[in-house]
Protein chains: 2
Amino acid sequence: MDHFDRKICEILQTDARRSSTDVAAQVGLSVSATNDRIRRLQKQGIITGWQARLAPAPFAAATCAFVLLDLRYEGEAEAIAALSAHDAVQELHHISGPHSYLMKLRLADTAALQRFLSEVVKPLPAVTRTESIIALDTAKETLAIAVPTEEQEDG
Amino acid sequence: MDHFDRKICEILQTDARRSSTDVAAQVGLSVSATNDRIRRLQKQGIITGWQARLAPAPFAAATCAFVLLDLRYEGEAEAIAALSAHDAVQELHHISGPHSYLMKLRLADTAALQRFLSEVVKPLPAVTRTESIIALDTAKETLAIAVPTEEQEDG
DNA sequence: GGTGAAATCTTATACAG
DNA sequence: CTGTATAAGATTTCACC
C-alpha cells in the first residue's frame, strides 16, 4: 500500500470502468505495472468488488427507511442471517446504545415498508420491538471512503 | 425498461467489469444490442456510476458511526452542504421523527469521531444537539438494490 | 519491484439484412 | 435487433532492467 496503490484505488472508486491505460497515465506508471497492482489489490481484498450504481426509483426502491431493532439473545443470529438475506436490506449494523441493531431498507413505498415489517421482521422470534424512521430526503449516499494521500500505519 | 434492461442492470450491479461479450451471452442479446442498451441506461440515468468497492480498514475508515442531528431552521441548508462535502460522511438523510437528520460516518476510530464531532459538527450554528451511535459490527452493507425480474409500473 | 513492445483479445462503430 | 467487418483500443505476455 504505497502512494501509487492509493491513487489507483481513488481513481477506480470514482470510475470503475476507467481503462488501465488511463489509470496508468494518471498515476505515472506503465500499463503493465498498473494492471499488476490492480490485480494485487483485488487479491489482497483491498478492492472488494466492482459495481454499477443504479438509480433506486426505476426499480421500485425509492423509499429509504431505517429501522431500529430490539432483539433478545435467543435466535439473534438466525434473525440477522434472515434479514441479511433480503435484498431490501441494504445495511444491518449491530449498534451501541439502547437498541440492538440498525437496519437500512430500500422499498417501493411506505406500504411496502409496512408489509416488510409485518411479514418479515415481526415473525422473527428474536425481535421484541422495532422503531421505524423514514428518510424524507437523501442529501448524500455513497459507499466511497476517503483515500488519504499520505502514508498510513495500516494494511 | 424491459426484461433485458433489468437483467443487464442486475449483472452490472454485481460485477461492473463484466465484458459486453459476457453480458450479451447471459442476457441472450447480441453484443451490439447489449452495448446500445448499456449506453442508453447510462444516458437515462438508470445506471448512475461505476465504482470499485474498497475495504475500509486499509484506509483508516474501519469505524462506522451514525449520528442523529437536531437542527434549527436557520442555517440548515448550509450545514447540510458543509457536512455532505466531507468524505467521512457516507450518508446524510433528512428523516421523520424527533430528530432532523441521520448521518452515517466512516472514520479511523472513536477518537476520530470525537474530533469530527467537535471540529466539524459542533461549530455548525444550525446544529443544536447530536446523538452518536457506534456500529459495533456490520452484518451487511451494500448500495445494491433489488432488481425485480417481472415488469413494473415505473421508470 | 519496474519498463516497453509484440501478440492477443475486446470494444466501438457502421451498415446490410 | 442480429450479424459481420473493420478499426481502435485494451490486456497479457515476455524479455530485459
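Naming convention: chains lettered A, B, ... in sequence-line order (proteins, then strands); numbering from 1 in each chain.
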Just by modelled atom types, is the [Y] backbone N or O under 3.5 Å from a matching donor or acceptor in the [X] side chain?
| X | Y | value |
| --- | --- | --- |
| K140(B) | V89(A) | yes |
| R40(A) | D5(A) | no |
| R17(A) | G49(B) | no |
| T110(B) | L113(B) | no |

key: Short N-O contact, E91(A) and R106(A), less than 4.0 angstrom   = no
ask   = Can a salt bridge be assigned to the pair D2(B) and R37(B) using a cut-off of 4.0 Å between side-chain N and carboxylate O?
value = yes
message = Side-chain N or O of R37(A) versus OP1/OP2 of dG1(C): is the shortest distance under 4.0 Å?
response = no
ask   = To the nearest Å, how far apart are F4(A) CZ and dG1(C) P?
value = 13 Å
inquiry  = Using a 4.0 Å cut-off to any heavy atom of chain A, which nucleotides of DNA chain D are the first and last in contact, reading 5' to 3'?
reply    = dA10(D) to dT13(D)
note = CD1 (I11(A)) and CG (D22(A)) are apart, to the nearest 0.5 Å, by 8.5 Å
task = Look at the rings of H94(A) and Y101(A) and say which category their plane angle falls in: under 30° parallel, 30 to 60° tilted, over 60° perpendicular.
result = parallel
Pairs under 3.5 angstrom, nitrogen or oxygen only, protein versus nucleotides 11-15 of chain C, please.
residue, atom, partner, partner atom, Å
dT11(C), OP1, S20(B), N, 3.2
dT11(C), OP2, T21(B), N, 3.4
dT11(C), OP2, T21(B), OG1, 2.6
dA12(C), OP2, N35(B), OD1, 3.0
dA12(C), OP2, N35(B), ND2, 3.2

